Every structure is written in C-alpha cells, then in structure tokens.
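As structure tokens, the structure follows; a few thoughts come after it.
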Number of protein chains: 2
Amino acid sequence: MDQPDRPMTNQLSYALAAAHRRINASLNARLRGHGIQIEAWRLLEALESGQRFTMGELAEIVLMNPPALTKLVDRMVSDGLVHRQVAQSDHRKINVLTTALGRKRMMQIRREIEDQDASIQRQLGESDSQKLISLLQGIT
Amino acid sequence: MDQPDRPMTNQLSYALAAAHRRINASLNARLRGHGIQIEAWRLLEALESGQRFTMGELAEIVLMNPPALTKLVDRMVSDGLVHRQVAQSDHRKINVLTTALGRKRMMQIRREIEDQDASIQRQLGESDSQKLISLLQGIT
DNA sequence: AGAATTTAATTGACTTGGAAAATAAATTCA
DNA sequence: TGAATTTATTTTCCAAGTCAATTAAATTCT
C-alpha cells in the first residue's frame with residue numbers, strides 16, 4: 001500500500017519513530033501467539049542471567065516508568081512468571097526474580113522467536129548495524 | 001546516574017527504542033508548555049499543506065492506529081483545532097481539516113519550537129544524520 | 001539518640017494507546 | 001439485483017504513561 005504524501009519536516013525524528021514502530025509491530029506479532037507482551041519479554045530476558053535487579057534498575061532496563069513497571073510486575077506475578085523479594089541489604093529495595101515457570105516460558109519463546117537484531121542485521125548488514133547503534137547512542 | 005548492567009541481546013532494537021524515548025521526551029517537554037502533544041503537533045503539521053487526508057491516511061502519517069487517531073481527532077475537534085468532513089466521493093471516508101484556530105496555533109508553536117532535527121544534527125553532524133535516516137528507512 | 005531529609009517503591013486519578021469486535025458504506029459477483 | 005465480501009471508521013475494553021501523593025526504610029545532622 002502506498003504511503004500518502006507527507007510533510008518532510010523533522011525527517012529524522014520521524015524516521016526514528018517510524019522504524020521503532022515497525023520493529024515493535026513485528027516483535028509484537030511474533031510474541032502475541034505466546035500471550036506475552038514486549039515489556040514482559042524484555043523483563044524476562046533481563047532476568048535471565050540470574051543477576052538480581054531492583055525495581056528501579058529494571059525500570060531503566062525495560063524503559064518503563066516505575067509505576068508502569070509496578071503494574072507489569074503485578075501482572076507477571078499473578079501469571080506466575082516472577083516473584084518479588086525484599087532486598088536483605090536495604091529493605092526499601094525489591095528484587096524481582098524469575099520463577100521456574102518464568103524461565104521455562106522464556107526458553108520456549110526464545111526458541112521460537114527469532115532474534116530481533118538478527119533480522120535487522122540481515123537487512124542492513126553487519127557494519128551498517130554497528131554504525132546504526134553508535135549513531136543512535138549519540139543522540140541525547 | 002549509572003545504568004545497571006544489562007543483557008546485551010537485541011542491542012540494536014534496544015538502542016532504537018531508547019533513542020526514540022529520549023527524543024520524544026525532549027520534544028514533549030518543549031510542547032508541554034503549549035498544551036499540545038506530539039501526535040497532535042504532527043497532525044497539524046501534516047494538514048498544513050491544505051491537502052485533504054482521510055483518517056486512515058492520517059493514521060499512517062502520525063504513526064498511530066486508527067482507533068487512537070479517532071480519539072486524538074475527537075479531542076482536537078473539541079479543542080477547535082480541526083473538524084471532520086465526510087468525503088463526497090466515498091461516504092465511509094472522513095477528511096480531517098484544520099480550522100482557522102488550528103492553523104493559528106500551529107504557526108505560533110512552530111515559531112517557538114525549535115526543529116527537532118536541528119538539535120539532532122547539531123549532535124551528529126549533517127552527514128551522519130543523513131546516514132542515520134537512510135539506515136532507519138532500511139529497516140522493515 | 002532523635003528529628004529532618006532522602007530514597008525506593010507503590011497507589012490513585014486521569015489521560016492516552018493498542019487489539020479485537022462492531023458498524024456502516026462501497027464493491028464484487030453470482 | 002441482491003447476497004457476500006471488502007474497506008473505513010468507530011466502539012469497547014484493557015494496558016501503559018504521567019504526575020502527585022503516600023508509605024516505609026535508610027541516611028544525615030546536630
């Protein structure tokens with residue numbers, strides 16, 4: 001389907017928004033069948049290493065606000081994918097840990113979900129992908 | 001503040017999401033004072049040329065789903081910035097048109113809002129900005 | 001030690017965004 | 001023509017974002 005003519009002001013931020021949207025749509029489509037959403041998927045991936053993260057750290061990692069993360073974790077807890085644990089060093093902090101079910105689901109999905117980056121790198125090539133990452137990181 | 005260690009899988013789509021988030025935050029901050037949101041701003045810009053767009057075309061332009069656009073247009077109608085007009089050729093289609101107020105507000109804001117791209121180009125340089133655009137457009 | 005401040009997470013109110021279903025008009029086709 | 005299908009938009013329901021306020025624990029400062 002053709003795109004309609006559009007104004008070309010702010011091409012760059014527009015291109016960024018559009019590319020992000022396309023990537024999210026494709027990842028979402030693949031995750032939908034597994035009944036999981038992008039943010040939950042990113043969270044499970046972050047926890048895969050077994051490293052202990054607090055809510056605040058996770059909020060940065062999955063690019064959500066703390067209140068939004070609280071709600072996401074609530075849902076994932078009731079789905080049995082993660083659980084909360086008060087940090088022993090500082091009782092204000094909450095560590096989020098995967099459950100056995102969470103790890104199992106993560107592995108199942110990972111096996112079927114192709115790595116997002118792999119698909120982009122196939123389109124752009126290795127060196128352009130690296131270039132793209134460094135350009136993106138240069139934007140403050 | 002230091003970022004916590006994070007898993008380096010899907011670096012690329014992560015960098016994309018993060019850059020998009022940073023840019024949106026900055027543009028949003030500048031638009032907030034004008035009581036308008038990014039999507040409304042993009043919509044007003046799209047309509048600036050006077051070209052007639054349907055809801056579906058606008059949804060692509062402002063990168064929203066049709067349902068979300070319906071609500072955005074509802075709000076902008078009640079703010080007096082745009083109005084709807086059933087297309088004479090096809091009564092299913094709705095054209096969205098700016099009002100005099102909408103055009104006036106657009107001009108006012110544009111005068112005060114610095115171009116988003118200008119700020120990015122200052123960071124990246126002209127040629128890297130062009131490179132970034134073409135890389136982003138290469139992502140399907 | 002004890003009051004004041006800072007930090008971490010949550011809650012609540014409100015607005016916005018997204019997917020699926022519903023509505024309504026146009027087109028196809030038998 | 002008229003039933004079936006496609007297309008355009010809207011409605012509905014749920015999830016996410018923001019912001020301010022709250023709770024609770026740790027730290028700072030006399």
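This is a predicted model, so every value here is computed, not measured.
- The CE atom of B/Met64 sits 15 Å away from the P atom of D/dT9 (whole-angstrom rounding).
- Scanning for salt bridge (charged side-chain N to carboxylate O under 4.0 Å, His left out) contacts around A/Arg52 gives an empty result, with sequence neighbours left out.
- Within the model, atoms CG of A/Leu101 and CD of A/Gln108 stand 8.0 Å from one another, a figure rounded to the nearest 0.5 Å.
- Candidate nucleotides C/dA9, D/dA8, C/dT10 were compared by shortest atom distance to the side chain of B/Lys93, and D/dA8 ranks first.
- The distance from atom CD of A/Glu39 to atom C1' of D/dG17 is 11 Å, rounded to the nearest whole Å.
- Across the protein-nucleic acid pair, B/Glu57 atom CD and D/dT9 atom C1' stand 13 Å apart, rounded to whole Å.
- For B/Gln88, there are no side-chain contact (heavy atoms from CB on, under 4.5 Å) partners at least two apart in sequence or on another chain.
- Note on residues 64-79 of chain B: pairs passing salt bridge (Lys or Arg N to Asp or Glu O under 4.0 Å), not counting sequence neighbours, are B/Asp74-B/Arg84.
- Qualifying salt bridge (charged side-chain N to carboxylate O under 4.0 Å, His left out) partners for B/Lys104, counting only residues two or more places apart in sequence or in other chains: none.
- Applying the side-chain contact (heavy atoms from CB on, under 4.5 Å) rule to B/His91 yields the partners B/Val86; only residues at least two apart in sequence or on another chain are considered.
- The interatomic distance linking A/His20 (NE2) with C/dG17 (P) rounds to 15 Å, in whole Å.
- Each salt bridge (Lys or Arg N to Asp or Glu O under 4.0 Å) pair with one or both residues in residues 12-21 of chain A, not counting sequence neighbours, would appear here, but there are none.
- Under a hydrophobic clustering in which Ile, Leu, Val, Met, Phe, Trp and Tyr are joined whenever their side-chain heavy atoms come within less than 4.5 Å, directly or via other members, B/Leu97 and B/Ile36 fall into different clusters.
- In terms of position along DNA chain C, the nucleotide closest to A/Met55 lies nearer the 5' end than the nucleotide closest to the other residue of the pair A/Met55 and A/Asn28.
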Each nucleotide N or O in nucleotides 19-23 of chain D that has a protein N or O under 3.5 Å away: list the pair and distance.
residue: D/dC19; atom: OP1; partner: B/Arg32; partner atom: NH1; Å: 3.2

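- Distance, A/Glu60 CD to C/dA9 C1': 14 Å, rounded to whole Å.
- Residues from residues 70-83 of chain B with heavy atoms under 4.0 angstrom of DNA chain D, sorted by number: B/Thr70, B/Lys71.
- For B/Gln85 and D/dT9, the CD to P distance is 14 Å, given to the nearest whole Å.
- Between A/Ile61 and A/Ala46, the shortest heavy-atom distance links the atoms CG2-CB, 3.8 Å.
- The shortest non-hydrogen separation linking B/Gln123 to A/Gly138 is OE1-O, 3.1 Å.
- In this entry the distance linking CG of B/Asn24 with P of C/dG17 reads 11 Å, nearest Å.
- Under the rule for a side-chain contact (heavy atoms from CB on, under 4.5 Å), A/Ser134 has no partner lying at least two apart in sequence or in another chain.
- Put simply, A/Arg84 has a side-chain N or O that comes within less than 4.0 Å of OP1 or OP2 on C/dT10.
- Considering only side-chain N and O atoms, B/Gln37 lies under 4.0 angstrom from the phosphate OP1 or OP2 of C/dG17.
- Partners of B/Thr98 by side-chain contact (heavy atoms from CB on, under 4.5 Å), not counting sequence neighbours, listed by chain and number: B/Leu44, B/Leu47, B/Val82, B/Arg103.
- Going from atom CG of A/Leu63 over to atom NE2 of B/His20 covers 11.5 Å, rounded to the nearest 0.5 Å.
- A sub-4.0 Å separation between OP1 or OP2 of C/dA19 and a side-chain N or O of B/Asn65 is present.
- Judged by distance alone, with hydrogens and angles left aside, the side-chain atoms of A/Asp90 form a donor-acceptor pair with the main-chain N or O of A/Arg92 at under 3.5 Å.
- Rounded to 10 degrees, the angle between the two end axes of the helix from C/dA1-D/dT30 to C/dA30-D/dT1 is 20°, with five pairs used at each end.
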Distances under 3.5 Å only, N/O to N/O: pair up the protein atoms with those of nucleotides 24-28 of chain D.
residue: D/dA26; atom: OP1; partner: A/His91; partner atom: N; Å: 3.0

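- Note on A/Arg21: a side-chain N or O is less than 4.0 Å away from OP1 or OP2 of C/dG18.
- With rounding to the nearest 0.5 Å, the separation of CG in A/Asn24 from CD in A/Gln37 is 11.5 Å.
- In this structure, B/Leu58 atom CG and D/dT10 atom C1' are separated by 15 Å, rounded to whole Å.
- Distances were taken from every side-chain heavy atom of A/Ile94 (C-beta onward) to each of C/dG18, C/dT10, D/dT10; the shortest belongs to C/dT10.
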